[in-house]
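Reminder, nothing fancy here: chain letters follow the sequence lines and each chain counts from 1. Please read all numbers here as calculations on a predicted model, not as lab measurements.
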There are 4 protein chains.
Amino acid sequence: MSPLSEEQLMKRQEARRRQILEAALKVFAVRGLRGAKMSMIADEAKLSAGQLYRFFESKEELFVTLIRQVAQDTTREIAMIHDLPGSPYDKLRAFTATILEDKSTQYPFKLIQHANTDEDVPAEAKQLLHQFSVKRYIEQLLPLFEEGQRIGDFAQDDTRRLISAFLTMLSALITLNMPLDDDHPLPNADMLMRIVAGPRSR
Amino acid sequence: MSPLSEEQLMKRQEARRRQILEAALKVFAVRGLRGAKMSMIADEAKLSAGQLYRFFESKEELFVTLIRQVAQDTTREIAMIHDLPGSPYDKLRAFTATILEDKSTQYPFKLIQHANTDEDVPAEAKQLLHQFSVKRYIEQLLPLFEEGQRIGDFAQDDTRRLISAFLTMLSALITLNMPLDDDHPLPNADMLMRIVAGPRSR
Amino acid sequence: MSPLSEEQLMKRQEARRRQILEAALKVFAVRGLRGAKMSMIADEAKLSAGQLYRFFESKEELFVTLIRQVAQDTTREIAMIHDLPGSPYDKLRAFTATILEDKSTQYPFKLIQHANTDEDVPAEAKQLLHQFSVKRYIEQLLPLFEEGQRIGDFAQDDTRRLISAFLTMLSALITLNMPLDDDHPLPNADMLMRIVAGPRSR
Amino acid sequence: MSPLSEEQLMKRQEARRRQILEAALKVFAVRGLRGAKMSMIADEAKLSAGQLYRFFESKEELFVTLIRQVAQDTTREIAMIHDLPGSPYDKLRAFTATILEDKSTQYPFKLIQHANTDEDVPAEAKQLLHQFSVKRYIEQLLPLFEEGQRIGDFAQDDTRRLISAFLTMLSALITLNMPLDDDHPLPNADMLMRIVAGPRSR
DNA sequence: TATGAATGAGCATTCATTCAT
DNA sequence: CATGAATGAATGCTCATTCAT
């Protein structure tokens, strides 16, 4: 008989699995599918490379699993925007600021970027993202943006297109990750909100 | 023996070198440092793989050389903004639109993005970019932005910071290259100009 | 502490050991030395992989042990031929038919084939087989064949050579296991007996 | 320009390719698909492992290519039986003797055996063999056997089944390759012909 | 000098064997 | 003792770089 109860084993398995996914998220987010080495993920997760294969059949499966999870997580993350206080503008601004400031929040977005732009990303991963993340984000944010437009705080563009533009810029900004120039920080949430608010009339 | 004069030889050498750099630009821009294979660059340049090594010691040196050249080229490219017609806003908008529409103009920017975000990019390349390209861009655009701010068309942020933000977003947008969502196109020049124009007062 | 007496323990040990050998026989017979995975043997024996190593130092030792045991078992198996009814021809034919029809009887023969033909089989195993199994089989079958020859049912070849040829063909047939062609079954016992009976005079 | 003419290059390529196939035949025949290491094939062909991949995409493709070629070669080999002198029995006996004596003729047969019995052999290879080799062999030998039966030299079994049995035994014998016992050689052609001739009436 | 063939180091993956629990 | 998790050596395959021709 095993010295650990079935339940304990399951828990440990699950913990280990999460540990790997967390490590893989960091490494894949930073280095992309090709740049990430299984050994790096193993190191980051503090286990041997061989162990990874007890949980995931291949590097590719690990990547796709991560994409799947990230699609879920970010959906949940975005859902929380509605609970923030204030007007639609305030909510979106606060949400944006949080993402731009919190490094760990950025990993998922960076991973998504890599999945969208890297070569040799399995088609399944690209599919997953388009079907389950971006489109869903737009639908999630639709009420907020419509309200923002209704009360005149948001630009009067086509709503879905406005959301898409905003997400694109936010995503790009996160991926960029590094200020182009040491003396000047990355654009902040206020800068980004100009996209949404629309231009000052000149 | 040689049917070519010394001078002709030099010319051929130089042409060959430029040919390689041009090919490398395309391939590195699209696939990044790791994704680009020397064989792809050789194919694109219509040369044998061995020839690359007569001009560049290694893939890495080729990459760094390219970065160095691109830093120069883009400086020249940006300088041309001053010759465009109209107000500072008009000039910047036209410049932005051109870049977003013309694929070949995008290669240098994509390369710079890769250099900034990819792992394993030689520190020297990152240095080069920070020192000689972005800072220089900012100084180049400074008069234009100051004029734009003076006549009230541009937001009243710290000027250098405003330029930095604009360039970051432009750069990110170019690199992104792919719309996040099939149904919605990339943000266009007008969207991007909202960053510069500043927010509509709410 | 132990709820089992020394003797009971010994018994359990011995049972366990037999259980492993039985499982290993099946797996090695079907997949050969290299194709057999220790985990498959463990599964087949309904034990953990680690347990195998309490009884056998290595995969190789397990294999050699098995060969040793199989050499003994088959000797006993063959001895039973003498108890079959009828003439030497009848006995041999019945024996052959049984082997060709009964899958479980085939495991030992398949294992022997693998041991003889696979690369990387420890020299010790090959030795063992030659010394203790085939030679012994021949000696065991010698009286039967001599009697068969005496009464004119068997071909008048050198007796040992005739036995060797018959065993070789039988062994090969068992190992082959798969008909070369879907539409035609494997040669049966009667076909094989032609070797022993000798050719029809033409 | 290349220092070698196009034609010379092609020739060398082709020679190299044949060199690899020859080496692979030996190694795969002896060790099977799994047991054969690409490095062994490279060694046998006197080139580096990396080179193999300039000619064949993968170990599997190399294996399947070999199977395809062997299916052709053996068909040609067998066709030559009709040119041998004497009666059908004489022809078949001479053919059998040649195969059993000439080691190099045995590689293709051994390879076919491995392809038929090893685990993890690509389905395509198994298909190829059943479709293009065994069935074809039977059809090729059909006239010979029918003639042999007509003149009473061959047993009166179903002709195709008789051929199948003969081929199976021949194939098994070749694969076995090693005499079961040092003191007794492998069955020879005459032994094998007993299958075809049918049993001596007892 | 130009070619592309050859090498070999690097990485994904598998599995015998060990060992913490 | 029993388990199965962990390790690491081995092997298929890729690709930067070198070098014979």
Can you measure [X] atom [atom1] to [N] atom [atom2] for me and round it to whole angstrom units?
| X | N | atom1 | atom2 | value |
| --- | --- | --- | --- | --- |
| D:F56 | F:dG12 | CZ | C1' | 16 Å |
| C:E61 | E:dT17 | CD | C1' | 14 Å |
| A:K59 | E:dT14 | NZ | P | 14 Å |
| C:R31 | E:dT14 | CZ | P | 14 Å |
| A:R17 | F:dG4 | CZ | C1' | 18 Å |
| B:Q51 | E:dA2 | CD | C1' | 5 Å |
| C:R16 | F:dC1 | CZ | P | 10 Å |
| C:E57 | E:dT17 | CD | P | 10 Å |

Hey, which of these two, C:Q13 or C:G50, hits DNA chain F nearer its 5' end, going by closest nucleotide?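 Counting from the 5' end, the first nearest nucleotide belongs to C:Q13.
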Using heavy-atom distances to pick each residue's nearest nucleotide on DNA chain F, tell me which of B:E60 and C:F55 is more 5'.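 Its nearest nucleotide lies further toward 5', so the answer is C:F55.
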Look only at the side chain of A:K59 and the backbone of A:A36, and say whether a donor-acceptor pair between them is shorter than 3.5 Å.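 Yes; judged by distance alone, with no hydrogens or angles, the pair exists.
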Got a sec? Which of residues 38-49 of chain D come in under 4.0 Å of DNA chain E, heavy atoms?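 Correct list: D:L47, D:S48.
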Could you measure the distance from the [atom1] atom of [X] to the [atom2] atom of [Y]? Nearest 0.5 Å is fine.
| X | Y | atom1 | atom2 | answer |
| --- | --- | --- | --- | --- |
| D:L25 | D:T65 | CG | OG1 | 12.5 Å |
| A:S48 | A:D43 | OG | CG | 10.0 Å |
| C:L33 | C:I67 | CG | CD1 | 9.0 Å |
| D:Q127 | D:L129 | CD | CG | 9.5 Å |

Residues forming a side chain to side chain donor-acceptor pair (under 3.5 Å) with [X], sequence neighbours excluded:
| X | answer |
| --- | --- |
| B:D120 | A:R31, B:R34 |
| C:Q69 | C:D73 |
| B:R68 | B:E124 |

C:R54 side chain N/O closer than 4.0 Å to the phosphate oxygens (OP1, OP2) of E:dT18?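 Checking C:R54 against E:dT18: no side-chain N or O falls below 4.0 Å of OP1 or OP2.
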For [X], does the [atom1] atom sit with more than 12 other heavy atoms under 6.0 Å from it, leaving out its own atoms?
| X | atom1 | answer |
| --- | --- | --- |
| B:Q51 | CD | yes |
| A:E61 | CD | yes |
| A:E22 | CD | no |

So what stems show up for DNA chain E if we need 3 or more Watson-Crick or G-U pairs in a row, all under 3.5 Å?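 Stems found: E:2-21 with F:2-21.
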Among the candidates F:dC13, E:dC15, E:dA12, find the nucleotide nearest to the side-chain atoms of A:K37.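 My answer, after comparing the listed nucleotides, is E:dA12.
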Checking contacts here: which listed nucleotide (E:dA2, F:dG12, E:dT17) is nearest the side-chain heavy atoms of D:Y53?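 The answer is F:dG12, which lies nearest to the side chain.
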Scan residues 19-26 of chain A against DNA chain F and write down, sorted by residue number, each residue with any heavy atom closer than 4.0 Å; if none is found, say none.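 Residues of residues 19-26 of chain A that come under 4.0 Å of DNA chain F do not exist, since none gets that close.
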Considering every strand and a 4.0 Å limit on heavy-atom distances, what is the contact class for B:R34: base, sugar-phosphate, or nothing?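 Contact class for B:R34: none.
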Shortest non-hydrogen contact from B:F63 to B:P122?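 Looking at all heavy atoms of both residues, the closest pair is CD2-CD, 4.5 Å.
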